[in-house]
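Down below is the structure, laid out as structure tokens.
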Number of protein chains: 2
Amino acid sequence: MKYHKIPDETIKRMPMYLRAFSILKTQNQETISSQQLAERLHLNPPQIRKDLSYFGAFGTRGIGYPVSSTAEQIRSILKLDVSQQAVLVGAGRLGTAIASYPGFSMFGFDIAAIFDNDNNKIGKTIGKNLVENVAEIVTLKARNIRLAILAVPANAAQGCADALIDAGIKGILNLSPCYLNVPKRVKVITIDIAMELGILPYYI
Amino acid sequence: MKYHKIPDETIKRMPMYLRAFSILKTQNQETISSQQLAERLHLNPPQIRKDLSYFGAFGTRGIGYPVSSTAEQIRSILKLDVSQQAVLVGAGRLGTAIASYPGFSMFGFDIAAIFDNDNNKIGKTIGKNLVENVAEIVTLKARNIRLAILAVPANAAQGCADALIDAGIKGILNLSPCYLNVPKRVKVITIDIAMELGILPYYI
DNA sequence: TTGTGGTTGTGCTCACAATCACAAGCAAAC
DNA sequence: GTTTGCTTGTGATTGTGAGCACAACCACAA
Ligand SMILES: NC(=O)c1ccc[n+]([C@@H]2O[C@H](COP(=O)([O-])OP(=O)(O)OC[C@H]3O[C@@H](n4cnc5c(N)ncnc54)[C@H](O)[C@@H]3O)[C@@H](O)[C@H]2O)c1
Ligand SMILES: NC(=O)c1ccc[n+]([C@@H]2O[C@H](COP(=O)([O-])OP(=O)(O)OC[C@H]3O[C@@H](n4cnc5c(N)ncnc54)[C@H](O)[C@@H]3O)[C@@H](O)[C@H]2O)c1
């Protein structure tokens, strides 16, 4: 494909493809056609082909996509081929669940530090990490960590985000139900679980 | 506005509007213009006006939208004006966090029951609910509950979904990283937290 | 070497959503 | 009353992504 801006929607689907190819690899399937993959993911085959072709020609005509090498390609496109360190801020209910969730490792994520401002939580161990004082966020500067997961109450989210960005964080997964004001160079993805649930009754 | 199919994207934004109007109400602000609201939510003013106008003319020209009555209108549109009962399946790390989260009440949600298949968890109390055996899901038929939150491992999700649908559930918020196969009348919203995180490194 | 079945890669078309621009309309002041 | 200032509601326009159809291509068999 000649020069094309890669659609945001395509990027959003890439981790889904990566997960699918990773699972296929554990099942020792060597190739998969866009048709088969589309059935698994409930998409249209041309959608998948177009998405992948934005990044090059990974498939073999008449055969399909080689599972193992395509997985590696996608991993590299998403920069998940190197282990990505992330910090967690907020060791509350949701933060604790996330800190002990093993599922992030499939994408190469590693929770490298946890911060909270509650003295009852600071010093406790969650998974392999000790909960540190939020004041220690500044020390991230030296550690070259670029990703953060925010699981603090909504009214504390902006303040924490500012501190994180100040400490060199470039991407934030925000779980609080609020908009974060950040410089353009910082990418924020917000997941508001209650809001998603709020959509359901309309449809039923 | 004459007859128009309401865009899905508009529906997705409605809970965000509801949250904003609810907060404004607690701050005793009586009216808000699309301009002001757009600044808060980081949208464009015409976007908000068009979204709201799909459902009727709520605003006053020259003034803006009356906070209190518009909040009520949106609540009614989303069918959140009556308390919506929901059940939770999976009382693990994430399920426990959700069961004890007070934030759902802003949208009128109420966790009415919790199910698990682990004998160590069945019988325990989380929030105001006793954890019941998954086998009891059938009893939901009699209780007229239509919403469910699924927080079980991915390989158990489809089975639980089938049981829930069989018991009369019409909408599912699925937190497992997998596609759920359901009849067309059932609405599923899937949130895959790890996948969302997987998007970040690409942009940074 | 050539033919065949099957699947990819992609230009084109269509559908949908975001944005714009402005007429319509209300409130408050005079 | 009438005028002024401001904001809504909406047709028209633009932008973006999804879907389709088919040419290009590969592997393999004969
Ligand atoms: N629990 C859920 O199921 C759920 C669902 C949807 C959204 N959320 C959102 O996720 C966020 C966290 O929710 P939760 O249920 O884990 O809340 P929580 O109260 O259990 O945990 C919040 C944690 O953040 C810490 N904290 C507060 N202020 C801080 C600060 N300034 N710096 C550092 N740490 C601070 C607290 O000490 C606490 O440990 C909230 O914004 C909530 O709205 C939670
Ligand atoms: N914890 C996280 O931060 C996180 C993040 C992203 C996604 N998820 C997803 O959310 C889901 C739950 O995650 P978790 O961390 O809470 O896992 P968990 O293992 O802590 O909890 C799962 C719960 O489901 C129960 N369960 C298992 N099979 C069941 C069945 N057939 N019927 C009823 N209950 C059953 C288990 O007994 C357990 O209590 C998983 O699909 C996970 O991939 C979790």
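Letters go in sequence order (proteins before strands), and every chain restarts at 1.
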Test A/Ile48 against A/Leu52 for side-chain contact (heavy atoms from CB on, under 4.5 Å), laying out the working first. CA-CA 6 Å; A/Ile48 294 173; A/Leu52 293 177; 4.0 Å; yes
Over its full length, what angle do the end axes of the helix from C/dT1-D/dA30 to C/dC30-D/dG1 make, each axis taken from five pairs and the result rounded to 10 degrees?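 The helix from C/dT1-D/dA30 to C/dC30-D/dG1 shows an end-to-end axis angle of 0°.
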Does the [X] side chain pair with the main chain of [Y], one donor and one acceptor, at a distance under 3.5 Å?
X: B/Lys79; Y: A/Ile204; result: yes
X: B/Asn133; Y: B/Ala135; result: yes
X: A/Asn174; Y: A/Ile189; result: no

Just list the side-chain donor-acceptor pairs under 3.5 Å for residues 5-18 of chain B, sequence neighbours left out, or say none.
| residue | atom | partner | partner atom | Å |
| --- | --- | --- | --- | --- |
| B/Asp8 | OD1 | A/Tyr203 | OH | 3.0 |
| B/Glu9 | OE2 | B/Lys12 | NZ | 3.3 |
| B/Thr10 | OG1 | B/Asp51 | OD1 | 2.8 |
| B/Arg13 | NE | B/Asp51 | OD2 | 2.7 |
| B/Arg13 | NH2 | B/Gln47 | OE1 | 3.2 |
| B/Arg13 | NH2 | B/Asp51 | OD1 | 3.2 |
| B/Arg13 | NH2 | B/Asp51 | OD2 | 3.3 |
| B/Tyr17 | OH | B/Asp51 | OD2 | 2.6 |

The criterion is ring pair (Phe, Tyr, Trp, His ring centres under 6.0 Å); which residues satisfy it with B/Phe107, sequence neighbours excluded?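 Testing B/Phe107 for ring pair (Phe, Tyr, Trp, His ring centres under 6.0 Å), a comparison that skips the adjacent residues, returns none.
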For A/Phe109, all residues meeting ring pair (Phe, Tyr, Trp, His ring centres under 6.0 Å), sequence neighbours excluded: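 Ring pair (Phe, Tyr, Trp, His ring centres under 6.0 Å) list for A/Phe109, sorted by chain: empty.
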Whole angstroms only, please: what is the [atom1]-[atom2] distance between [X] and [N]?
X: B/Tyr54; N: D/dT10; atom1: OH; atom2: C1'; value: 10 Å
X: B/His42; N: C/dA18; atom1: NE2; atom2: P; value: 17 Å
X: B/Asp51; N: C/dC16; atom1: CG; atom2: P; value: 17 Å
X: B/His4; N: C/dA15; atom1: NE2; atom2: P; value: 16 Å
X: A/Gln73; N: C/dG9; atom1: CD; atom2: C1'; value: 16 Å
X: A/Phe55; N: C/dG9; atom1: CZ; atom2: P; value: 13 Å
X: B/Asp8; N: C/dA15; atom1: CG; atom2: C1'; value: 13 Å
X: A/Lys5; N: D/dT16; atom1: NZ; atom2: C1'; value: 9 Å

Would you tabulate the nitrogen or oxygen pairs shorter than 3.5 Å linking the protein to nucleotides 12-14 of chain D?
| residue | atom | partner | partner atom | Å |
| --- | --- | --- | --- | --- |
| D/dA12 | N6 | B/Lys50 | NZ | 2.9 |

Taking all non-hydrogen atoms of both residues, which atom of B/Leu88 and which atom of B/Ala151 are closest, and how far apart? CD1-CB, 4.3 Å
Residue pairs passing the salt bridge (charged side-chain N to carboxylate O under 4.0 Å, His left out) test with at least one member in residues 151-172 of chain A, sequence neighbours excluded, are none
Quick one: ring-ring contact (aromatic ring centres under 6.0 Å, His included) pairs with a partner in residues 131-150 of chain A, sequence neighbours left out? none
Output every pair passing ring-ring contact (aromatic ring centres under 6.0 Å, His included) with a member in residues 74-106 of chain A, not counting sequence neighbours, ordered by first then second residue. A/Tyr101-A/Phe104
With a 3.5 Å cut-off and sequence neighbours excluded, list the donor-acceptor pairs that the side chains of residues 175-183 of chain B form with protein atoms.
| residue | atom | partner | partner atom | Å |
| --- | --- | --- | --- | --- |
| B/Ser176 | OG | B/Val152 | O | 2.6 |
| B/Tyr179 | OH | A/His42 | ND1 | 2.9 |

What do the steps show when you test B/Thr70 against B/Val67 for side-chain contact (heavy atoms from CB on, under 4.5 Å), and what is the final call? CA-CA 5 Å; B/Thr70 308; B/Val67 169; over 6 Å; no
Counting only side-chain heavy atoms from C-beta out, which of D/dC20, C/dA18, D/dT10 sits nearest to B/Gln47?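 So the side chain of B/Gln47 is nearest to C/dA18.
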Identify which nucleotide among D/dC20, C/dA18, D/dG17 has an atom closest to any side-chain atom of A/Asn44, counting heavy atoms from C-beta outward. D/dC20
Are there any protein N/O atoms within less than 3.5 Å of an N/O atom in nucleotides 4-8 of chain C, and if so, which ones and at what distance?
| residue | atom | partner | partner atom | Å |
| --- | --- | --- | --- | --- |
| C/dG6 | N2 | A/Gly62 | N | 3.4 |
| C/dT7 | O4' | A/Gly62 | N | 2.9 |
| C/dT7 | O2 | A/Gly62 | N | 3.4 |
| C/dT8 | OP1 | A/Ser34 | N | 2.7 |
| C/dT8 | OP2 | A/Ser34 | OG | 2.7 |
| C/dT8 | O2 | A/Arg61 | NH1 | 3.2 |

Base, sugar-phosphate or nothing for B/Pro7? Non-hydrogen atoms, less than 4.0 Å. sugar-phosphate
List in chain and number order the residues that pass side-chain contact (heavy atoms from CB on, under 4.5 Å) with B/Met106, two or more places apart in sequence or in another chain; answer none if no residue qualifies.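 Checked B/Met106 against side-chain contact (heavy atoms from CB on, under 4.5 Å); matches are B/Arg19, B/Ser22, B/Ile23.
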DNA chain C contacts among residues 12-20 of chain A, heavy-atom distance under 4.0 Å: none
